[in-house]
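Here is the naming used below: chain letters follow the sequence lines, and residue numbers restart at 1 for every chain.
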2 protein chains.
Amino acid sequence: MRRPSMKELALRLGVDRSTISRALSEDKGHLVAPETRDRIREIAMSEGYRPDLTAAALRRGRSQTVGVLVPDLENETFINVIRAFMASLNAGQSKPATPLIAETLDQPGAAGQLIETFLSHRVDAIISLASTEADKSILEDAARDVPVVLAIRSLAALSLPSALCDDHIGGAIVAGHFAERGHKVVCQVQGPALATTFNNRATGFTRVCAEKGMHEISQAIYTGQATSSAGRKAFDAVLAASPRPTAIFAHNDAIALGLIEAIRLHGLRIPEDMALVGFNDIRIAQVLATPLTTVAYPVAAVGDYAGVLVKRLIAGDSHAESRSFAPELVIRRTT
Amino acid sequence: MRRPSMKELALRLGVDRSTISRALSEDKGHLVAPETRDRIREIAMSEGYRPDLTAAALRRGRSQTVGVLVPDLENETFINVIRAFMASLNAGQSKPATPLIAETLDQPGAAGQLIETFLSHRVDAIISLASTEADKSILEDAARDVPVVLAIRSLAALSLPSALCDDHIGGAIVAGHFAERGHKVVCQVQGPALATTFNNRATGFTRVCAEKGMHEISQAIYTGQATSSAGRKAFDAVLAASPRPTAIFAHNDAIALGLIEAIRLHGLRIPEDMALVGFNDIRIAQVLATPLTTVAYPVAAVGDYAGVLVKRLIAGDSHAESRSFAPELVIRRTT
DNA sequence: ATCACAAAAACAATCGATTGCAATCACGTT
DNA sequence: AACGTGATTGCAATCGATTGTTTTTGTGAT
């Protein structure tokens, strides 16, 4: 009743295990006589043979798994990048990889432990969407044992290939948009500084503010977390600024959502009294009472290219350069 | 430079591989003399020994992985149940399991393939949040090879243990709440019928409507998908009903979000002209302009108990009964 | 000094698939 | 009829850790 192993199939068929292995394999199949191969495949199918990937992994040194390190699974953007990544990675592969997923929640030190676990599982590659400066050396160490690719977040002076959103441009687009709409005084509510992401959005924004002669209130406002409740609280700081800004760049949509609530609580109208732009274009952004103007994250491009990078690295191809993809402004009703 | 294997450690230390194995193991450690054990552990640490879990899995028949089957990774509720599940499963375990995660997107037939992959990877257990009637026999087959636990969604006349939300009660609570608020005519916008979830919410709601003498407009309104855009479209059917309902039970928060938009577009006020209750209590629900009254899904209880079930099944404990946990109404401003 | 007994360590088989190498076979060539 | 060639298949080692079964070592008792 139990599913047979190759050994048992071999016994039943009167051939050697090695022949079974070859017959069942995609690339070694041509080494087996067509009739034998068909006979083997047929029996394997009817007996319900199920390959043991732990055995194959041990022997071949490849496990058909990839480690995915993500800061927060509740974040749609990460999920969508992971989806695109897996689709790209497995496109046209006869032996698709399954993701081992671990969440860091951006806790310092979490990455080390999790990556160690991935490596113990002999993952074929690691993709990290969770890279923070604290993890830099850990990632570089890991890269000596297995292909490591970064997505979404990069790190300063890092040798690892990455697939990113050009956050600098993202910030710049928003500032440009504010300028076009005639805003004179603006500000940004920035996410935590643990990743390049938010810093780049900030500098891109600030640069264009200067170019266009807009006044950015001096102190960017940091939120401890990039969540909507943090955004709500951050609005007090916006109001306290003098001169008071007429437009806010929220570094992500969750923060923007919180800001919307806070702005409404203060009886201000959006966009007349206060304009607002978010970042990422999460699903909810377009079904809000006032649909949110936001910067659409290039999830497909980033995920896709991360998959390409991993495939190249696995193939031993050294031509694995980092790339950034430009995000696009989606103008809705909050500006 | 490369990380050593046990064999190499054994060579370096002048002891047998088996001694290394025992020294490094939690439960067999006592078989090794304390000094030897310390010496081995120290060297293993300093040499950066990293156990090969593919080898261990092959030998021991346990891989320290669990397969997680989920319909949609963008759904917070599923994510939170998975989080609670993993935390519960690994609580106090010296050898924590890592999740292999696969998404069905509720495509018929997807589960079969994915489960087969899990089984090839020799997962120690499978948890399915994605069970639909079409997958029933597949899940039952899988359960003969490995512990299988269902969460969130159950199936009719199924022998597999499950950790569920009592959706029947959930629906009933909402109807009760409508009755208290004095509504006479109500309706529900139901999610797709592929899972027990939505059906149970519907029957619970309908039962209490009858008990309290409310008129539920005859035809429950089905949405093809349980998304906000589907919810928006569904509102046309609500308006078309005669008599027109004054309260809507949306089977999840995404649908409710879409309904809010549609209701506003028609110039109706919430809750004065139209009351609304959602289901799940996703994060966004409480930061909306009008915070959403909704049924809070017992994510922690469900995930937790699913973990307990898996642990029991792995331990060979037959005392693995299914349980349902009651959800709770969170009254906010849409009613 | 001998023996019993427990502790510690070594020995060796094993998990299941993969793969380099050797053996066999069929067939056409000279 | 002997031989080369290529196609099939079998043989056997291997991946790295785990574990049941010895063997060795050490201790205390008689």
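- Here the side chain of A:R17 is nearest to one of D:dT18, D:dT9, C:dT18, namely C:dT18.
- When each of C:dA12, C:dG20, C:dT18 is scored by its nearest atom to the side-chain atoms of A:R22, the top-ranked nucleotide is C:dG20.
- A:Y49 has no side-chain polar atom (N or O) that falls below the 4.0 Å cut-off from OP1 or OP2 of C:dG16.
- The minimum heavy-atom distance linking B:E74 with B:D72 is given by the pair N-OD1, 2.9 Å.
- As a whole-Å value, the separation of A:D16 CG from C:dT18 P is 13 Å.
- Taking only side-chain atoms of B:S5, from C-beta outward, the nucleotide of D:dG16, C:dG16, D:dT18 with the closest atom is D:dG16.
- Rounding to whole angstrom units, CD1 of residue A:I20 and C1' of C:dT19 are separated by 15 Å.
- In terms of position along DNA chain C, the nucleotide closest to B:L31 lies nearer the 5' end than the nucleotide closest to the other residue of the pair B:L31 and B:R122.
- In the set D:dT9, C:dG16, D:dG20, C:dG16 carries the atom at the smallest distance from any side-chain atom of B:L58.
- Between B:T19 and C:dA9, a side-chain N or O to OP1/OP2 separation shorter than 4.0 Å is absent.
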Derivation and outcome, side-chain contact (heavy atoms from CB on, under 4.5 Å), residues B:C165 and B:I152:
CA-CA 6 Å; B:C165 165; B:I152 299 186; over 6 Å; no
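- A:I40 has its CD1 atom 14 Å from the C1' atom of C:dT18, to the nearest Å.
- Using a 4.0 Å cut-off, no side-chain N or O of B:K28 falls inside it from OP1 or OP2 of D:dT18.
- Contact check for A:I82 versus A:P99: no side-chain heavy atoms found under the 4.5 Å cut-off.
- Look at A:R83 and B:E103 and you find a salt bridge, because one of the NZ, NE, NH1 or NH2 atoms lies within 4.0 Å of a carboxylate O, short of that distance.
- Residue A:R60 places its side chain closer to C:dT18 than to any other of C:dT18, D:dG16, D:dT18.
- Among the atoms of the strands shown, none is found under 4.0 Å from any heavy atom of B:S25.
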Start with the C-alpha gap between A:D135 and A:T132, add the side-chain angles, then the distance that decides, and say whether side chain to side chain donor-acceptor pair (under 3.5 Å) holds.
CA-CA 5 Å; A:D135 308 326; A:T132 67; 3.1 Å; yes
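- Among the nucleotides C:dA9, D:dT9, C:dT14, the one closest to the side chain of B:R59 is C:dT14.
- Spacing between atom CZ of A:R3 and atom P of C:dG16 amounts to 15 Å, rounded to whole angstrom units.
- Counting to the nearest Å, the P atom of D:dC15 and the CG atom of B:L53 are 19 Å from each other.
- The CG atom of B:D52 sits 21 Å away from the P atom of C:dT14 (whole-angstrom rounding).
- The listed nucleotides are C:dA10, C:dA8, D:dG10; the one nearest the side chain of B:T36 is C:dA8.
- An OP1 or OP2 oxygen of D:dA12 is reached within less than 4.0 angstrom by no side-chain nitrogen or oxygen of A:S18.
- Computed from coordinates, the B:R2 CZ to D:dG16 C1' distance equals 12 Å when rounded to whole Å.
- Rounded to whole Å, atom C1' of D:dA17 lies 12 Å from atom CD of B:Q64.
- The pair A:D145-B:R50 meets the salt-bridge criterion, with a side-chain N (NZ, NE, NH1 or NH2) lying under 4.0 Å from an Asp/Glu carboxylate O.
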